[in-house]
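In what follows, every chain begins at residue 1, and chains take the letters A, B, ... in the order their sequences are listed. All values reported here derive from a predicted model rather than from experimental measurement.
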There are 2 protein chains.
Amino acid sequence: MQHGDVIRRLQEFETICRNRGVPITVQRRTILETLLRRHDHPTAEQIYESVKDHIPQLSRTTVYRVLDAFAELGLVRRLDHTGSARFDGNVRRHHHLVCTRCTRIIDLEDQRLDRLPLPHRTIEGFEVDDFSIHFSGTCADCRERKE
Amino acid sequence: MQHGDVIRRLQEFETICRNRGVPITVQRRTILETLLRRHDHPTAEQIYESVKDHIPQLSRTTVYRVLDAFAELGLVRRLDHTGSARFDGNVRRHHHLVCTRCTRIIDLEDQRLDRLPLPHRTIEGFEVDDFSIHFSGTCADCRERKE
DNA sequence: CTCCGTGCAAAAGGTTTGCACTGGT
DNA sequence: ACCAGTGCAAACCTTTTGCACGGAG
């Protein structure tokens with residue numbers, strides 16, 4: 001992310017917090033800025049290590065809580081669902097519908113989606129073997145519960 | 001998965017094990033069969049619970065080790081990378097190259113890939129908000145190390 | 001002043017490891 | 001008989017929770 005973009009995102013952050021009455025603290029600003037400047041999808045621990053250089057008394061707990069709050073506000077995205085690993089007996093190419101409320105994963109087999117052209121060693125020397133599309137949204141049960 | 005498919009997959013399993021000199025045990029056969037019959041992407045714990053009914057002295061450790069071995073043999077797939085959650089400061093739609101060797105995640109922005117038509121409440125009442133394509137393969141560094 | 005965010009410590013998962021033993025080949 | 005797979009317990013790592021304090025609004 002460019003420097004200007006980071007500045008803009010931090011301003012957005014302050015606006016969102018003010019609108020929702022969420023206090024803006026040094027920890028929050030620093031954690032967000034650290035994440036925006038990195039492009040390596042860090043773990044909570046890695047962010048903790050980085051931010052600790054600026055705020056030595058910082059607690060790991062705060063990093064977890066702040067990242068969680070940011071994900072809730074839609075300011076950052078959490079990859080790799082926390083919790084336990086899940087296993088799939090279907091090794092053919094297929095896709096998944098992931099419910100963001102209950103974390104349920106539903107298989108989606110669709111031949112049209114399977115025909116995405118596989119990039120071949122084009123991107124930064126990365127050799128692609130396969131792909132899978134992860135659709136996020138709300139499952140029927142959770143929609144029913146919500147309405 | 002249909003009954004016939006389960007039988008076929010179990011036979012494939014025995015062939016693969018024999019070819020690689022991997023012993024076939026009751027635990028392994030039962031764990032694989034349990035996974036093949038379920039369509040809900042169970043966790044190791046859930047598989048443990050199911051299999052324990054058939055093999056009461058079964059250990060959790062074995063379930064973890066066997067699932068791991070199966071993933072290594074390509075018989076099953078592990079969803080949701082085990083380990084720690086990762087965070088992404090980029091909330092715009094984008095995709096990921098995931099290296100299966102070092103678990104590194106590289107951002108991939110590609111407007112053509114973004115234009116996949118969003119299924120709208122079509123599949124089993126699931127409402128899709130967004131999607132992200134997960135390309136798996138080997139990153140440049142790991143390919144270099146391998147060769 | 002009031003609350004909520006923070007820090008610390010302890011608990012709560014989920015997964016891995018060391019070691020002795022058993023069971024498949 | 002041999003070696004890899006298994007079971008048990010303990011270690012390990014990541015994440016969550018309870019409680020008291022302090023800083024932001």
Side-chain angles (χ1 to χ4, degrees), chain A residues 13-35 41-73 75-76 78-87 103 105, chain B residues 10 13-35 41-73 75-76 78-87 103:
Chain A
F13 159 68
E14 301 207 2
T15 307
I16 290 172
C17 288
R18 266 190 263 281
N19 289 346
R20 308 211 191 175
V22 177
I24 299 160
T25 63
V26 199
Q27 287 91 334
R28 289 174 174 226
R29 211 194 312 266
T30 315
I31 288 171
L32 183 60
E33 183 168 352
T34 301
L35 180 56
H41 308 85
T43 62
E45 178 67 23
Q46 291 172 316
I47 293 173
Y48 170 68
E49 287 302 331
S50 290
V51 179
K52 213 165 62 152
D53 295 342
H54 302 83
I55 312 172
Q57 76 281 14
L58 177 78
S59 150
R60 254 184 202 80
T61 311
T62 299
V63 176
Y64 281 102
R65 277 194 285 229
V66 167
L67 288 172
D68 204 54
F70 286 171
E72 213 65 41
L73 292 169
L75 288 163
V76 309
R78 188 201 298 279
L79 309 178
D80 290 341
H81 270 215
T82 175
S84 28
R86 302 180 109 111
F87 294 86
T103 77
I105 301 173
Chain B
L10 285 169
F13 159 68
E14 301 209 1
T15 307
I16 291 173
C17 287
R18 265 191 261 282
N19 288 345
R20 307 210 191 176
V22 177
I24 299 159
T25 63
V26 198
Q27 287 89 335
R28 290 176 172 223
R29 210 191 313 263
T30 315
I31 289 171
L32 183 59
E33 182 168 354
T34 301
L35 180 56
H41 308 86
T43 62
E45 179 67 25
Q46 290 171 316
I47 293 173
Y48 170 68
E49 287 303 330
S50 289
V51 179
K52 215 165 62 150
D53 294 343
H54 301 85
I55 312 173
Q57 77 281 14
L58 177 77
S59 150
R60 255 184 201 80
T61 312
T62 298
V63 177
Y64 281 103
R65 276 194 284 229
V66 166
L67 288 173
D68 204 52
F70 286 170
E72 213 66 39
L73 291 170
L75 288 164
V76 309
R78 187 202 299 280
L79 309 178
D80 290 341
H81 273 213
T82 173
S84 26
R86 303 182 108 113
F87 294 86
T103 76

Original post:
Does the distance from a Lys or Arg side-chain N to an Asp or Glu carboxylate O, for A/Glu14 and A/Arg18, drop under 4.0 Å?
Top reply: yes
Original post:
Is the backbone of A/His41 close enough, under 3.5 Å, to the side chain of B/Arg86 for a donor and an acceptor to pair up by distance?
Top reply: yes
**OP:** Could you check how far CZ of B/Arg60 sits from P of C/dA12, rounded to whole Å?
**Re:** 15 Å
**OP:** Give the B/S/- string for nucleotides 19-25 of chain C, one per nucleotide from 5' to 3', where a protein heavy atom under 4.0 Å of the base yields B, of only the sugar-phosphate yields S, and otherwise -.
**Re:** -----SS
Original post:
Which is true for A/Gln27 with a 4.0 Å heavy-atom rule: it touches a base, it touches only sugar-phosphate, or it touches nothing?
Top reply: sugar-phosphate
Original post:
With nearest nucleotides of DNA chain D determined for B/Gly21 and A/Glu45 from heavy-atom distances, which residue corresponds to the more 5′ nucleotide?
Top reply: B/Gly21
Subject >> Euclidean distance, atom CZ of residue A/Arg78 to atom P of D/dT14 [Å, nearest integer] >> reply: 15 Å
Subject >> Residues A/Gln57, A/Lys52; criterion side-chain contact (heavy atoms from CB on, under 4.5 Å); working and verdict >> reply: CA-CA 7 Å; A/Gln57 76 281 14; A/Lys52 213 165 62 152; over 6 Å; no
**OP:** Starting from the 5' end of DNA chain D, give me the residue, B/Arg86 or B/Arg28, whose nearest nucleotide shows up first.
**Re:** B/Arg28
Subject >> Atom pair distance, as rounded to whole Å: OH in B/Tyr48 and P in C/dT15 >> reply: 14 Å
Subject >> Nucleotide of D/dT15, D/dT6, D/dA9 approaching B/Thr62 most closely (side-chain heavy atoms) >> reply: D/dT6
Subject >> Residue pair A/Val63, A/Gln27: steps toward the side-chain contact (heavy atoms from CB on, under 4.5 Å) verdict >> reply: CA-CA 8 Å; A/Val63 176; A/Gln27 287 91 334; over 6 Å; no
Original post:
Any side-chain heavy-atom pair from A/Val76 and A/Leu32 closer than 4.5 angstrom?
Top reply: yes
Original post:
Just wondering, do A/Arg78 and A/Asp68 contact through their side chains at under 4.5 Å, heavy atoms?
Top reply: yes
Original post:
Can you tell if the side chain of A/Ile31 reaches within under 4.5 Å of the side chain of A/Leu35, non-hydrogen atoms only?
Top reply: no
**OP:** Write down the distance between CG (A/Leu67) and P (D/dT16), rounded to a whole number of angstrom.
**Re:** 11 Å
Original post:
Taking only residues two or more places apart in sequence, or in another chain, which ones meet A/Thr103 in a side-chain hydrogen bond (donor to acceptor under 3.5 Å, both in side chains)?
Top reply: none
Subject >> Interface with DNA chain D, restricted to residues 51-59 of chain B and to heavy atoms under 4.0 Å >> reply: B/Gln57, B/Leu58, B/Ser59
Subject >> Atom-pair distance (CZ on B/Arg20; C1' on D/dG5), nearest Å >> reply: 17 Å
Original post:
Less than 4.5 Å apart, any side-chain heavy atom of B/Phe13 and any of B/Phe70?
Top reply: yes
Original post:
Between A/Tyr64 and D/dT15, is there a side-chain N or O to OP1/OP2 distance below 4.0 Å?
Top reply: yes
